[in-house]
Each structure stands twice: as structure tokens, then as C-alpha cells.
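Notes follow the structure.
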Amino acid sequence: MSREARRLSRDLPSGIVLLGPPGAGKGTQAALLAARLGLKHISTGEILREEVQQGTELGKKARAYMDRGELVPDELMIEMLDSRLDGRFLLDGFPRTTNQAEALERIAKVERVLSIRLSEEETVRRLTARRVCADCGRNYNLVSNPPRVPGVCDACGGRLIQRDDDTPEVIRRRYRVYEAQTAPLREFYRQRGLLVEVEGGRAIEEVFQEALRLLEEGR
Ligand code: AMP
């Protein structure tokens with residue numbers, strides 16, 4: 001069925017949106033929540049990194065913005081998402097601007113929005129210790145969530161690397177971009193009665209349990 005026909009029949013993809021500054025644990029919580037709630041995990045940052053690695057047209061356009069810690073232009077992001085959104089989703093990293101949030105309302109039904117809070121200092125501390133599996137994308141933290149064998153992914157045996165944008169200077173830029181452009185979406189979704197919030201500076205399991213409770217409440 002075409003997107004337009006689905007829009008008319010109201011049979012739109014539906015799901016949950018995660019908001020939060022870099023390092024708040026969106027990727028980690030998204031993977032846990034998607035598995036528990038049976039949702040398709042869509043990480044726009046992850047998709048972009050794959051596009052960059054494969055050297056696609058989109059990857060070439062996106063790379064410079066990502067390396068600087070800035071947002072990739074809305075038109076590119078909205079088009080990219082529209083072609084991948086389907087069924088029941090959990091969105092991690094989208095929307096990041098009001099423009100993207102308005103576009104999302106036209107192509108999907110957002111059922112709940114979970115915002116994970118984290119301070120700038122904690123963001124920098126966490127992300128400088130972050131390592132990511134080059135093969136499966138799983139995240140680790142050398143301090144709070146280290147792999148069993150240094151440098152090797154527990155899940156798939158892949159090599160752990162540091163993301164190009166996880167340098168202190170770029171991390172601070174990404175935090176400010178979040179505050180300026182994405183944090184206003186909390187108010188956007190609060191007004192629609194969709195927002196729930198958790199404090200992200202705690203153990204993964206604690207955040208996960210509270211997130212589950214909040215997402216399941218009032219459904
Ligand atoms: P993330 O993995 O979510 O931290 O995203 C890494 C980078 O990808 C961001 O710093 C942006 O440059 C870009 N990016 C990811 N999602 C979006 C989005 N929805 N809008 C614009 N840029 C994005």
C-alpha cells in the first residue's frame with residue numbers, strides 16, 4: 001500500500017521515540033526496550049555511519065556534518081527515515097529538530113516519547129570512555145560496562161573502536177547542538193501529552209526498569 005493510501009486509512013507505522021543528549025544511553029536503552037517490547041529499533045546515527053562506511057551518496061553528503069558534530073540537513077534525514085519506517089518502531093536519534101518532529105507526525109503515529117536526561121560533564125566523561133563494535137554496533141563503556149576481553153565484542157567477537165565524533169571537542173559541540181535544537185522537542189511532546197522522562201546517570205538496568213514502567217503506564 002502506498003504511504004498516501006495508508007495515511008488515508010490511518011494505518012500508519014506507530015511506536016516510541018527516544019530523546020536525550022549524546023551519551024545518555026539512547027542506543028543501549030533502545031536495544032533493550034526494542035527487544036522487550038517487540039519493536040523495530042531504528043537508529044539514524046547507526047544508519048548514517050553505515051552509509052558513510054559504504055561510501056553512498058547520502059554517506060558522502062552526511063560525513064562532514066557528522067565529523068563536526070553538527071546535524072545532517074532535515075531534507076536528507078526525513079527522506080532517509082521515510083523509506084525505512086515500518087510497522088512498530090522504536091526511534092533512536094530522530095527527530096532532532098522541530099521540523100523533523102512535524103514531518104514525523106505526517107508519516108507515523110508517535111505513541112510515547114521517552115526523554116533520558118544527562119548533564120554535559122557526565123556526557124563528556126561517558127563518551128570519551130565509549131567503545132563501539134565495528135561489526136554489530138554494540139556499545140561499551142570502559143569504566144561502567146567494559147567488554148569481557150579488552151578490545152573484543154562480547155556479542156559477536158568484532159573489534160571495538162572509538163567513534164570519530166567521540167573526541168572531547170566534538171562531544172561538547174554535539175551536546176550544545178542537542179540543547180539548542182533537540183531539547184525544545186521535550187516541550188513539543190509534553191504539549192501533546194506524550195512525554196515521559198528518566199534520569200540517565202544511573203546503572204543501565206535501573207534506567208531500563210524505570211523506562212519500561214513509564215512506557216507501559218497509561219497505555
Ligand atoms: P548519534 O549516533 O545519534 O549520536 O548520531 C551521530 C551523528 O549523526 C549526529 O551527530 C548527527 O551528525 C547525525 N544524525 C543522526 N541522526 C540525525 C538526525 N535525526 N538529524 C540530523 N542529524 C542526525
Side-chain angles (χ1 to χ4, degrees), residues 15-31 33-34 41-54 56-85 89-108 110 113-118 120 122-134 136-141 160-186 188-189 200:
I16 293 171
V17 163
L18 289 194
L19 292 179
K26 290 192 301 296
T28 303
Q29 296 298 332
L33 289 166
H41 177 190
I42 303 176
S43 158
T44 48
E46 194 60 42
I47 297 170
L48 286 172
R49 281 186 289 281
E50 279 165 24
E51 299 271 340
V52 168
Q53 213 175 7
Q54 290 163 11
T56 64
E57 277 311 303
L58 173 60
K60 283 183 202 152
K61 288 182 193 154
R63 177 165 204 160
Y65 296 99
M66 295 171 76
D67 284 349
R68 288 196 299 265
E70 292 168 10
L71 295 185
V72 174
D74 284 342
E75 320 78 78
L76 290 178
M77 294 307 303
I78 292 166
E79 192 184 318
M80 182 185 108
L81 187 81
D82 193 16
S83 65
R84 292 171 201 255
L85 209 54
F89 59 80
L90 191 149
L91 265 179
D92 154 17
F94 190 102
R96 266 175 149 100
T97 63
T98 306
N99 203 5
Q100 291 181 12
E102 286 167 355
L104 183 62
E105 285 188 322
R106 293 193 286 274
I107 59 175
V110 174
V113 177
L114 173 71
S115 163
I116 309 179
R117 288 187 301 257
L118 199 72
E120 179 170 352
E122 182 68 8
T123 288
V124 175
R125 209 171 62 76
R126 276 190 178 184
L127 291 194
T128 43
R130 171 156 78 180
R131 296 294 179 276
V132 184
C133 175
C136 75
R138 180 155 164 185
N139 280 251
Y140 295 86
N141 183 290
L160 301 188
I161 56 166
Q162 193 163 17
R163 273 173 48 172
D164 292 341
D165 58 356
D166 278 348
T167 61
E169 190 200 344
V170 180
I171 293 166
R172 287 195 191 274
R173 167 111 33 86
R174 286 158 60 208
Y175 194 90
R176 301 215 166 106
V177 165
Y178 175 80
E179 287 282 286
Q181 304 201 50
T182 308
L185 292 182
R186 294 203 307 252
F188 179 97
Y189 287 119

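Read the numbers this way: they start at 1 and go in the same order the structure lists the ligands and their atoms. Not measured: the values here are computed from a predicted model. By convention here, the first residue in the shown sequence is residue 1.
Under the 4.5 Å side-chain criterion, counting only non-hydrogen atoms from C-beta, M80 is in contact with L48. Looking at heavy atoms from C-beta onward, L91 lies in side-chain contact with L104 at the 4.5 angstrom threshold. Here the side chains of Q162 and R131 are in contact, with some heavy-atom distance below 4.5 Å.
Applying the salt bridge (charged side-chain N to carboxylate O under 4.0 Å, His left out) test to residues at least two apart or on different chains, the pairs with a partner in residues 65-77 are R63-D67, R68-E70.
If you look at ligand 1, the protein residues with a non-hydrogen atom under 4.0 Å away are T44, G45, L48, R49, M66, E70, L71, V72, M77, G93, F94, R96, Q100, R163, D165, R174.
In this model, no donor atom of one side chain and acceptor atom of the other lie less than 3.5 Å apart for T97 and Q181.
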_R176 vs E179, test: salt bridge (charged side-chain N to carboxylate O under 4.0 Å, His left out). Steps then yes/no._
CA-CA 5 Å; R176 301 215 166 106; E179 287 282 286; over 6 Å; no

